[in-house]
2 protein chains.
Amino acid sequence: MNEKSTILVVEDNLTTSKTLGIFLAAENYDVEFAFNGHDGIQRYLANRHDLILLDLMLPDVDGLQVCQSVRSHSDVPIVILTAKSTEDEIVEGLENGADDYVCKPFGAKELLARIRRCLRQKSGTPGKNQPIRVGEIELELERRLVKFMNEPIKLTKSEFEILSMLMRNPGRVFTRDQLIQTALGPSFDGYDRTIDTHIWSLRKKLGEPRGNPKYILSEPGIGYRLSDQHAH
Amino acid sequence: MNEKSTILVVEDNLTTSKTLGIFLAAENYDVEFAFNGHDGIQRYLANRHDLILLDLMLPDVDGLQVCQSVRSHSDVPIVILTAKSTEDEIVEGLENGADDYVCKPFGAKELLARIRRCLRQKSGTPGKNQPIRVGEIELELERRLVKFMNEPIKLTKSEFEILSMLMRNPGRVFTRDQLIQTALGPSFDGYDRTIDTHIWSLRKKLGEPRGNPKYILSEPGIGYRLSDQHAH
DNA sequence: ACTAGTTTGTCAGATCCATGTCAGAAAAAT
DNA sequence: ATTTTTCTGACATGGATCTGACAAACTAGT
């Protein structure tokens, strides 16, 4: 799974902070709090969160100064969240480097959507193109790319489908019929041991030693599975 | 200083369009208008504006569809500007790739600030007007210009769209349907191997040796991809 | 330990199917 | 009207897939 995004909430009002914390945690963000501007800047510099939620009314420094100060260090997305809702204030916030400006009382869903938008924009691609890794094997679902010992190897369509199915569930045993079903399509109607041939060529391409494969294991009487010994 | 930024306003209401035109012109933007969704997409593809202001209520296509359609071609900033102001509508807009969502009645200064914010963000990010480079191939999205071995080469519209899609995601495999979708438009309804012909002429123009292409690789059973070996 | 029975490993063809290739028709742009 | 671009269809080719046959490994019963 993707790593959690971290969010720094800079807000002096404890009730608001708590509420935000609950919303954000529910969306699987890692949240850290600061209760004044100074603290906010310090914490950001120390931990470099993925996004900052910033209240403008802070006990010590003005929120806009916090904004500028952070901006001088980094392009981290900053979402201003405040009761100051006149047009001039909004304009000022945006001109000072904020990435979005949400007025209290805010709708949770809208705020979350705007946060997602900011994070999406910064991280470039939204998708999960992280490779699955099992031992020396690395598989990128999106790009349909497989590396073994950090070298790209060429798999046929069926080989890729089978390996991908096994790697998405390391350790789980699949029957030949299950592998046929999802790798070769439900319309396949033939010899179920065709799978064995594909497994054979996969093993060859993965340099499995004859007789005692390290990754793709046979389950006599059932089917095949990927060893989960090497999953970390 | 920079050239003027160009803005495409997609809005069916003539009064609103006029008002926006006055505001935007006063801020020294070049403005073009479209009065329905179809026209909007066409004009964007033809002129590649720097930003799109999009009304959701259009006579023909749904605004969100316009949004998605444009998104499949480009990362141009899209600001949705509409009377639909429930939270769910805002969330939906942002999830569909919009960069901001401003509700009518809007404040001119706020809108302009949000537009500036979008433009600032995009121009700040690394590759906007910079060409994408993969090996000897160089592609400028804005100017729709392609160079191979530093020599400009002439591509047809479809060829450009396909190459651009591949180059924006080196290494990623695209199915023929995906390529058709964004290169030839969603209304295309025909033989999917038409793509092969375009790939063939692209390869010819890129001087690919017969039999073992260096850049545009086939993924039998799936589609095509651009080799990422030469990306650096 | 031996054997019969079952299951998987291995691999060489035969077959199948996806892609490469290109010419000409159809459509669109100029 | 002429040129350019797009699309379709046909054929050839080579790689991918499937099958089947045999060898090897394993299992269980005697």
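In what follows, chains carry the letters A, B, and so on, assigned in the order in which the sequence lines appear, proteins first and then strands, with residues in each chain numbered from 1. Only heavy atoms go into these numbers, but all of them, side chains included; no hydrogens, no water, no symmetry mates.
- The distance between atom CH2 of B:Trp200 and atom C1' of C:dA18, rounded to the nearest whole Å, is 18 Å.
- Side-chain polar atoms of B:Thr6 and B:Glu32 form no donor-acceptor pair below 3.5 angstrom.
- OP1 or OP2 of C:dA26 has not a single side-chain nitrogen or oxygen of B:Tyr191 nearer than 4.0 Å.
- The CG-C1' distance, from B:Asn212 to D:dT13, rounds to 15 Å in whole Å.
- Look at B:Lys204 and you won't find any side-chain N or O under 4.0 angstrom from OP1 or OP2 of C:dT21.
- An OP1 or OP2 oxygen of D:dT6 is reached within less than 4.0 angstrom by no side-chain nitrogen or oxygen of B:Thr197.
- Using a 4.0 Å cut-off between charged side-chain N and carboxylate O, B:Arg120 and A:Asp99 make no salt bridge.
- Along DNA chain C, the nucleotide nearest to A:Glu219 and the one nearest to B:Glu219 differ in position, and the one closer to the 5' end is contacted by A:Glu219.
- For A:Asp196 and D:dA24, the CG to P distance is 18 Å, given to the nearest whole Å.
- Atoms CZ (A:Phe188) and P (C:dC17) sit 11 Å apart, rounded to a whole Å.
- Regarding contacts with the backbone of D:dA16, every side-chain N or O of A:His198 stays at 4.0 angstrom or more from both OP1 and OP2.
- Among the heavy atoms of the strands lying under 4.0 Å from A:Arg193 is at least one base atom, whether or not backbone atoms are also near.
- The existence of a salt bridge linking B:Glu219 and A:Arg143 is excluded, since no basic side-chain nitrogen approaches an acidic carboxylate oxygen closer than 4.0 Å.
- Distance NZ (B:Lys154) to P (D:dT5): 4 Å, rounded to an integer number of Å.
- Within 4.0 Å (heavy atoms only), B:Ile199 reaches no atom of the nucleic acid at all.
- Contact check, B:Arg176 against C:dA18: no side-chain N or O comes under 4.0 Å of OP1 or OP2.
- B:Arg210 has no side-chain polar atom (N or O) that falls below the 4.0 Å cut-off from OP1 or OP2 of C:dG20.
- With the nearest nucleotide of DNA chain D identified for both B:Asp189 and B:Pro220, B:Asp189 has the one nearer the 5' end.
- If you measure from atom CG of A:Leu217 to atom C1' of D:dA25, you get 16 Å, rounded to the nearest angstrom.
- No donor-acceptor contact under 3.5 angstrom links the side chains of A:Glu161 and A:Ser158, judged on distance only.
- In this structure, CD1 of A:Ile195 is placed 16 Å from P of C:dT10, rounded to the nearest angstrom.
- Among the atoms of the strands shown, none is found under 4.0 Å from any heavy atom of B:Phe160.
- Put simply, B:Ser158 has no side-chain N or O that comes within less than 4.0 Å of OP1 or OP2 on D:dT5.
- In the set D:dC18, D:dC7, C:dG20, the nucleotide with an atom closest to the side chain of B:Arg203 is C:dG20.
- Distances shorter than 4.0 Å separate some side-chain N or O of A:Ser218 from OP1 or OP2 on C:dG9.
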For a salt bridge (Lys or Arg N to Asp or Glu O under 4.0 Å) check, start with the C-alpha distance between B:Arg116 and A:Glu95, then their side-chain angles and the critical distance, and finish with the verdict. CA-CA 8 Å; B:Arg116 274 196 299 278; A:Glu95 292 300 330; 2.6 Å; yes
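- Taking a cutoff of 4.0 Å between a charged side-chain nitrogen and a carboxylate oxygen, A:Arg114 and B:Asp100 qualify as a salt bridge.
- Across all strands shown, A:Glu208 has no heavy atoms under 4.0 Å from either base or sugar-phosphate atoms.
- When rounded to the nearest whole Å, the span between CG of B:Leu184 and P of C:dA27 equals 16 Å.
- The shortest distance between the side-chain N/O atoms of A:Thr194 and the OP1/OP2 oxygens of D:dT19 is below 4.0 Å.
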